[in-house]
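Below is one structure, written out as structure tokens; the observations come after it.
Position 1 is the first residue of the sequence, and the numbers go up from there.
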Amino acid sequence: MFNPYEIRGEFPILGEKVYGKSLVYLDNGATAQKPRCVIDTVADLYRRENANIHRGVHYLSERCTALYEEARQRVARALGTPDCGEVIFTAGATASLNTVAYTWGEMSVAEGDNVVVSEMEHHSNIVPWQMLCQRKGGELRVLPFDDESNLLMDKLEELLDERTKVVAITQASNTLGTMPALRPIIDKAHAVGAVVVVDGCQGFVHAEVNVRELDCDFYAFSSHKLYGPNGVGVLYGKRALLEQMPPFLGGGDMVKKVTFERTTYAELPLKFEAGTANYIDAIGLAEAIKFLGGLDREGVMAHERALLDYATAQLSQIEGLRIYGSAEDKCSIVSFNVEGVHNFDLGAVLDRSGVAIRTGAHCADPVMAHYGVQGMARASFGLYNTAEEVDALVAAVKKAVRMLR
């Protein structure tokens, strides 16, 4: 059975003090803290085994190469694909999504075609498609959501047609927490011949994922939201699609042979990993996945759901506080505003109480526009958070309201 109090000792930063107060870290949606095993793995690699991969014949190079490819295998297993060639390491989910937009999108979208995104997407799953449509003369279409933060699925068929080339959809909104039912969206997109790109940054953290069962065409996530190192992410793509796509970046390690007349490219996945890969942090990501795999995943999800329910109930009792997003299927994110209190001021007062939350637009300007606000306060819970930390959040919000309203 999962016990968050037992796991907290694995995260050294949780013992830190902020302005003399015990740290209550509730900004996991932006970046999660790292367990000791990940920190030690990265430090030990730099200390004892660091050498460039795929190039050297000496011990250190061969050792790092082996660890890097083992990391790819672990990521592939976690995603549910038996084909390691479908797993590409990138600089993060933003780089992953841009890779698809600048390769598959560039070769597939023509003037008059359209790309469908949802209204609740992170900017990283809007802007690359918007830029693509601007370059190619395409149309960006938007699937809206209602005030309870449910996607209006009856509108989807109106948006899809034979000119739809891409449907880009989040697995879990970073602002509202909404977790759309992806398989019906994927099936409807495939029925008109479109490919589906899933932003899994929040979803991969809070839910089980099997890309083969989901049947998505591309899937992106970032390590740092999954308790892994910063600066590395993953792009999953179906092999048949990846083989059709041209490389996004050119350079070392993504080639077979280079002459001034012609360059031939490496096989998957190296075709999309130009230059020296961030192999240290990729190995650290695999360690984070290993760490998570050793936990009771159903217990973790139940714990996070309990925190969400408790926080929602307690915050709802504060006069003038509005929570945005009440979808039934929702991950452990609570975004809110308090009448008469600016979200930035609220966050600053909470910070002085040792409570770290997010404030602002959360890279989701269309969500803010939907509700007619400039920004929101957001508390996002991870596996190491506790009910006592929810109490600290609620007490700090009440204190801030007394001070500011």
Practice problem: In sequence, state the C-alpha distance, the side-chain angles, and the governing distance for Val234 and Phe89, and then conclude on side-chain contact (heavy atoms from CB on, under 4.5 Å). | Solution: CA-CA 5 Å; Val234 168; Phe89 286 116; 4.0 Å; yes

Pair [X], [Y]: side-chain N/O donor-acceptor within cut-off below 3.5 Å:
X      : Y      : value
Asp83  : Tyr236 : no
Glu86  : Tyr219 : no
Asp147 : His370 : yes
Lys17  : Ser22  : yes
Glu121 : Ser118 : yes
Asn385 : Asn28  : yes
Ser335 : Thr175 : no
Asn337 : Tyr324 : yes

For [Y], does its backbone N or O pair with a side-chain atom of [X] as donor and acceptor, under 3.5 Å?
X      : Y      : result
His123 : Ala364 : yes
Lys34  : Gly228 : yes
Asn343 : Gly360 : yes
Thr178 : Ala327 : no
Asn174 : His122 : no
His206 : Ser332 : no
Arg72  : Ala282 : no
Lys271 : Phe248 : no
Ser61  : Asn52  : yes
Ser222 : Gly92  : no

Separation between [atom1] of [X] and [atom2] of [Y], rounded to the nearest 0.5 Å:
X      : Y      : atom1 : atom2 : value
Ile39  : Asp44  : CD1   : CG    : 11.5 Å
Leu249 : Thr103 : CG    : OG1   : 10.0 Å
Glu49  : Leu60  : CD    : CG    : 7.5 Å
Thr90  : Asn98  : OG1   : CG    : 10.0 Å
Asp161 : Asp113 : CG    : CG    : 9.0 Å

[X] versus [Y], closest heavy-atom pair with distance:
X      : Y      : answer
Asn125 : Val117 : O-CG1, 3.7 Å
Ser353 : Lys399 : OG-NZ, 3.9 Å
Ile126 : Pro366 : CD1-CG, 3.9 Å
Ala396 : Val355 : CB-CG2, 4.2 Å
Gln171 : Pro180 : O-CD, 3.5 Å
Leu307 : Ala387 : CD2-N, 3.6 Å

Self-check item: Working for salt bridge (charged side-chain N to carboxylate O under 4.0 Å, His left out), residues Glu287 and Arg74
Solution: CA-CA 9 Å; Glu287 187 64 29; Arg74 187 174 292 278; over 6 Å; no

Verify the neighbour count for atom [atom1] of [X]: are there more than 12 heavy atoms of other residues, nucleotides or ligands below 6.0 Å?
X      : atom1 : value
Tyr59  : OH    : no
Gln244 : CD    : yes
Glu62  : CD    : yes
Glu388 : CD    : yes
Lys290 : NZ    : no
Gln134 : CD    : yes

Quiz item: Under the ring pair (Phe, Tyr, Trp, His ring centres under 6.0 Å) test, which residues partner Tyr310, sequence neighbours left out?
Solution: none

Practice problem: Just grab all the salt bridge (charged side-chain N to carboxylate O under 4.0 Å, His left out) pairs involving residues 339-363, residues at least two apart or on different chains. | Solution: Asp27-Arg358

Exercise. Could you check Leu292 against Leu383 for side-chain contact (heavy atoms from CB on, under 4.5 Å), going step by step and ending with a plain yes or no?
Key: CA-CA 10 Å; Leu292 294 171; Leu383 57 87; 3.5 Å; yes

Quiz item: Is Arg183 salt-bridged to Glu213, going by a charged N under 4.0 Å from an acidic O?
Solution: no

Self-check item: Full working for side-chain contact (heavy atoms from CB on, under 4.5 Å) between Lys238 and Val195
Solution: CA-CA 10 Å; Lys238 290 179 177 176; Val195 301; over 6 Å; no

Self-check item: Worked verdict on Arg47 versus Asp40 for salt bridge (charged side-chain N to carboxylate O under 4.0 Å, His left out)
Solution: CA-CA 10 Å; Arg47 186 180 295 115; Asp40 291 347; over 6 Å; no

So do [Y] and [X] actually touch side chain to side chain, heavy atoms under 4.5 Å?
X      : Y      : value
Gln130 : Val115 : no
Arg212 : Pro82  : yes
Phe218 : Leu97  : no
Leu242 : Phe272 : yes
Val100 : Leu241 : no
Leu159 : Thr164 : no
Leu285 : Phe221 : yes
Tyr384 : Arg8   : yes

Exercise. Give me the ring orientation class for Tyr227 and Phe11: parallel if the planes are under 30° apart, tilted from 30 to 60°, perpendicular past 60°.
Key: perpendicular

Self-check item: Residue pair His54, Tyr68: steps toward the ring pair (Phe, Tyr, Trp, His ring centres under 6.0 Å) verdict
Solution: CA-CA 10 Å; His54 295 153; Tyr68 180 69; 5.6 Å; yes

Practice problem: Mind running salt bridge (charged side-chain N to carboxylate O under 4.0 Å, His left out) on Lys155 and Glu119 for me, showing each step along the way? | Solution: CA-CA 12 Å; Lys155 302 288 188 182; Glu119 188 183 14; over 6 Å; no

Quiz item: Asp253 and Arg55: side-chain contact (heavy atoms from CB on, under 4.5 Å), yes or no, with the steps?
Solution: CA-CA 8 Å; Asp253 218 25; Arg55 292 164 172 82; 3.6 Å; yes

